[in-house]
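Note that ligands are numbered from 1 as they come in the structure, with each ligand's atoms numbered from 1 the same way. Worth knowing before you read on, the calculation uses all heavy atoms, side chains too, and leaves out hydrogens, waters and symmetry mates.
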Amino acid sequence: MPRVLDGATIAAAIKQEVTEEVRALAAQGIRPGLAAVLVGHVPASEIYVRSKVQTCAELGLFSELITPPDTVTTEEMLDIVAALNDRDDIDGILIQLPLPKQVDTKALLDAVSPSKDVDGFHPVNAGRLQAGRPALAPCTPAGVIEILKRSNLPISGQHAVVVGRSDIVGKPVAMLLLHQNATVTICHSKTRDLGAVTREADILVAAIGRPGFIEPEMVKAGATLIDVGINRLTTREEFDRFFAGDAKREAAFAKRGSTIVGDVHPKAFERAGAYTPVPGGVGPLTIAMLMSNTVRAAKMRRGLD
Ligand code: GUN
């Protein structure tokens with residue numbers, strides 16, 4: 001039976017460590033603070049941001065939620081970011097994506113002070129990461145490394161194959177794996193004979209955003225599967241493609257009218273040596289690493305890191 005890598009347990013351990021760091025900083029009169037900017041009313045974004053703000057409270061961080069209307073302009077957003085850059089009680093600035101189409105997302109992400117860029121999306125942090133300098137790394141990729149390390153799964157010398165080349169997950173996770181001495185291959189939609197490449201993977205990271213894309217025959221027996229995908233299934237047909245005959249999922253689907261599947265087909269997990277389930281694998285790490293990044297940003301800005 002493959003080993004299930006329980007993200008919630010690992011995230012809880014990280015949050016406990018962050019809580020202790022927050023306590024130690026409090027003794028020096030420092031309280032790390034996170035500002036979350038949530039534009040409009042995108043249901044998924046509202047759930048994520050609420051959870052981020054709530055976790056700040058649980059761990060003892062200061063947080064502030066800023067909620068511009070979905071008619072906000074790029075200029076107004078730039079003013080919000082400029083004010084947050086200037087505030088001494090704010091160590092981390094998080095602009096929840098996606099933004100409405102009239103807002104220039106790149107201009108906005110570029111306007112966040114790199115020292116407060118707890119999402120690790122600023123090109124300066126991307127550059128620092130690839131140059132091997134101290135940097136705020138994107139939360140989900142950093143969480144993937146924590147899962148592997150804290151589960152005592154080897155990275156050094158392993159062949160890690162990353163499927164997906166996004167700036168938010170694929171590229172940074174590849175860089176972090178490389179820094180841990182993995183041999184890294186990045187695949188994408190133009191990769192020839194993708195299955196032949198993924199079958200070589202000791203560690204396979206799926207970050208494509210397509211439900212159940214990694215099929216069983218694309219996986220080497222005993223590989224570690226890291227599934228970064230979060231895809232909502234709402235139709236019976238989609239549900240049956242992945243979960244036909246799964247009584248537990250069936251009950252959840254009947255109750256909610258939807259269920260979540262990752263980028264790895266559930267049948268492919270059966271070939272793995274270890275895997276992150278969806279939900280409950282990589283997901284919980286994203287917020288834990290955001291908290292960790294915010295405390296780190298607070299320390300770095302004061303020359304304490
Ligand atoms: N939207 C989806 N995931 C993320 C994330 O990690 N950070 C931000 N800022 N927005 C997101």
- request: Among all protein heavy atoms, pick out the one at the shortest distance from atom 9 (N) of ligand 1; state its residue, atom name and that distance to 0.1 Å.
  value: D119 OD2, 2.6 Å
query: Which hydrophobic side chains are connected to V4, either touching it within the sub-4.5 Å cutoff or through other members that do?
result: V161, V163, L194, V197, L204, I208, F213, I214, M218, V219, L225, V264, F269, Y275
field: ligand 1 N/O within reach of T140 N/O, cut-off under 3.5 Å
entry: no
- request: Please work out whether any backbone atom (N, CA, C, O) or any side-chain heavy atom from C-beta onward of L97 is under 4.0 Å from ligand 1, and answer side chain, backbone, both or neither.
  value: both
Heavy atom of the protein closest to atom 2 (C) of ligand 1 (residue, atom name, distance): Q96 NE2, 3.8 Å
Side chain to side chain contact (heavy atoms under 4.5 Å, CB included) between S51 and I47, intermediate numbers included: CA-CA 6 Å; S51 185; I47 293 168; 5.6 Å; no
- line: What one should report as the nearest heavy-atom pair of P68 and I80 is CG-CD1, 3.7 Å
- line: Closest non-hydrogen atoms of P32 and L25, given as atom of the first, atom of the second and distance, are CG-CD1, 3.7 Å
task: For ligand 1, indicate whether the residue I95 contacts it via side chain, backbone, both or neither (heavy-atom separation under 4.0 Å).
output: backbone
message: Any nitrogen or oxygen of Y48, side chain or backbone, less than 3.5 Å from one on ligand 1?
response: no
Report all side-chain donor-acceptor pairs from residues 122-138 shorter than 3.5 Å, counting only partners two or more places apart or in another chain.
| unit_1 | atom_1 | unit_2 | atom_2 | d |
| --- | --- | --- | --- | --- |
| H122 | ND1 | V124 | N | 2.9 |
| H122 | NE2 | D110 | O | 2.9 |
| N125 | ND2 | P114 | O | 3.1 |
| N125 | ND2 | D117 | OD2 | 2.8 |
| R128 | NE | P134 | O | 2.8 |
| R128 | NH2 | P134 | O | 3.2 |

